[in-house]
Amino acid sequence: QVRLVESGGGSVQAGGSLRLSCAVSQFPVSDYCMAWFRQAPGKERVRVASIYNGDSSRYYIDAVKGRFTISHDDAKRSLYLQMDSLKPEDTAIYYCAAEPRGGADDCYSGRHGFYYWGQGTQVTVSS
């Protein structure tokens, strides 16, 4: 059974940092398109970043470029999101997601959607 389990969320002041982790069971993270999404209260869930097999064409939403870094570790079967210079508008529930179909270009565009999801971890940034 495929499971994605997020951890690392919490409360931090603006300007601070957090590192989210997503533990993946049943498959190597480099074989799948892996992504982080977030959903703020009253807003739609949006893709924040994605990565495919460590490819250099990592996707980031404009709002986090230069502040967030997505990475993965096959040996640990884990996906990470390093979040620096956090802002109050980064407050949201963050979800890990995985999609088995497609390659690097598909992952960058997100055209296949995402099949597997974690339960989410709360990130709260205070001003």
Side-chain angles (χ1 to χ4, degrees):
Q1 181 179 357
V2 174
R3 291 189 66 203
L4 306 178
V5 180
E6 302 96 336
S7 61
S11 297
V12 65
Q13 288 193 324
S17 297
L18 284 173
R19 188 190 192 209
L20 304 184
S21 298
C22 174
V24 178
S25 65
Q26 300 298 326
F27 59 85
V29 291
S30 60
D31 286 355
Y32 281 53
C33 175
M34 302 297 300
W36 288 98
F37 283 73
R38 69 185 182 189
Q39 186 167 20
K43 295 188 177 181
E44 293 185 352
R45 185 167 56 187
V46 297
R47 181 166 54 124
V48 174
S50 58
I51 185 172
Y52 178 80
N53 198 16
D55 191 87
S56 59
S57 59
R58 302 175 190 186
Y59 169 88
Y60 294 99
I61 192 173
D62 285 347
V64 308
K65 285 181 179 177
R67 299 188 299 121
F68 289 12
T69 303
I70 188 171
S71 63
H72 61 62
D73 186 327
D74 255 0
K76 295 183 179 180
R77 288 196 171 182
S78 293
L79 177 73
Y80 305 102
L81 185 68
Q82 177 66 41
M83 306 187 294
D84 299 317
S85 302
L86 283 161
K87 304 176 181 180
E89 50 264 44
D90 295 319
T91 295
I93 300 174
Y94 283 71
Y95 298 91
C96 173
E99 170 55 43
R101 295 171 296 173
D105 291 342
D106 300 307
C107 187
Y108 189 87
S109 69
R111 64 184 291 262
H112 290 305
F114 289 84
Y115 189 79
Y116 299 107
W117 292 86
Q119 301 244 353
T121 185
Q122 176 70 46
V123 171
T124 303
V125 184
S126 58
S127 58

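Here, residue 1 is the first one in the sequence, and each next residue gets the next number.
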Note to self: Please evaluate residues I93 and F37 with respect to the criterion side-chain contact (heavy atoms from CB on, under 4.5 Å), reporting the C-alpha separation (whole Å), side-chain torsions for both, the decisive distance (0.1 Å), and the verdict.
What the structure shows: CA-CA 8 Å; I93 300 174; F37 283 73; over 6 Å; no
Between [X] (side chain only) and [Y] (backbone N and O only), is there a donor and an acceptor less than 3.5 Å apart?
{"X": "R58", "Y": "S71", "value": "no"}
{"X": "D74", "Y": "S30", "value": "yes"}
{"X": "Q119", "Y": "V5", "value": "no"}

Taking every non-hydrogen atom, the tightest pair across [X] and [Y]:
{"X": "S50", "Y": "R47", "value": "OG-NH1, 2.8 Å"}
{"X": "A14", "Y": "P88", "value": "CB-CD, 4.1 Å"}
{"X": "Y94", "Y": "V48", "value": "CE2-CG2, 4.4 Å"}
{"X": "D90", "Y": "S85", "value": "OD2-O, 4.5 Å"}

Checklist line | Y108 and Y59 aromatic ring geometry - parallel, tilted or perpendicular at 30°/60° bounds | finding: perpendicular
Next item on the list: Describe, in one word, how the ring planes of Y95 and W117 are oriented to each other, choosing from parallel (under 30°), tilted (30 to 60°) and perpendicular (over 60°).
Entry: perpendicular
With a 4.5 Å heavy-atom cut-off, do [X] and [Y] have their side chains touching?
{"X": "S25", "Y": "R77", "result": "no"}
{"X": "R38", "Y": "V123", "result": "no"}
{"X": "M83", "Y": "L20", "result": "yes"}
{"X": "F68", "Y": "W36", "result": "no"}
{"X": "V29", "Y": "D73", "result": "no"}

Check: What about L86 and V64, same hydrophobic cluster or not, with Ile/Leu/Val/Met/Phe/Trp/Tyr joined at side-chain heavy-atom distances under 4.5 Å?
Finding: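 They do share one cluster, since a chain of ILVMFWY contacts under 4.5 Å joins L86 to V64.
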Checklist line | Same apolar cluster: L4 and Y32, side chain cutoff 4.5 Å | finding: yes
Could you pull out all donor-acceptor pairs under 3.5 Å where a side-chain atom in residues 96-107 meets a protein atom, sequence neighbours excluded?
| residue | atom | partner | partner atom | Å |
| --- | --- | --- | --- | --- |
| E99 | OE1 | Y115 | N | 3.2 |
| E99 | OE2 | R101 | N | 3.0 |
| E99 | OE2 | R101 | NE | 2.7 |
| R101 | NH2 | H112 | O | 2.7 |
| D106 | OD1 | R111 | NH1 | 3.2 |
| D106 | OD2 | G103 | N | 3.0 |

Note to self: Go through it in stages, so that I can follow the logic: the residues are T91 and Q122, the test is side-chain contact (heavy atoms from CB on, under 4.5 Å), and I'd like the CA-CA distance, side-chain angles, deciding distance and then a yes or no.
What the structure shows: CA-CA 8 Å; T91 295; Q122 176 70 46; 4.1 Å; yes
What's the spacing between [X] [atom1] and [Y] [atom2] if we round to 0.5 Å?
{"X": "Q82", "Y": "L18", "atom1": "CD", "atom2": "CG", "value": "8.5 Å"}
{"X": "Q1", "Y": "Y116", "atom1": "CD", "atom2": "OH", "value": "10.0 Å"}
{"X": "C22", "Y": "E6", "atom1": "SG", "atom2": "CD", "value": "5.5 Å"}

Notebook entry, point to check: Would D62 and K65 satisfy salt bridge (charged side-chain N to carboxylate O under 4.0 Å, His left out), going step by step from the backbone distance to the final call?
Noted result: CA-CA 5 Å; D62 285 347; K65 285 181 179 177; 3.0 Å; yes
Next item on the list: Kindly determine whether Y60 and R67 satisfy side-chain contact (heavy atoms from CB on, under 4.5 Å), including the steps that lead there.
Entry: CA-CA 10 Å; Y60 294 99; R67 299 188 299 121; over 6 Å; no
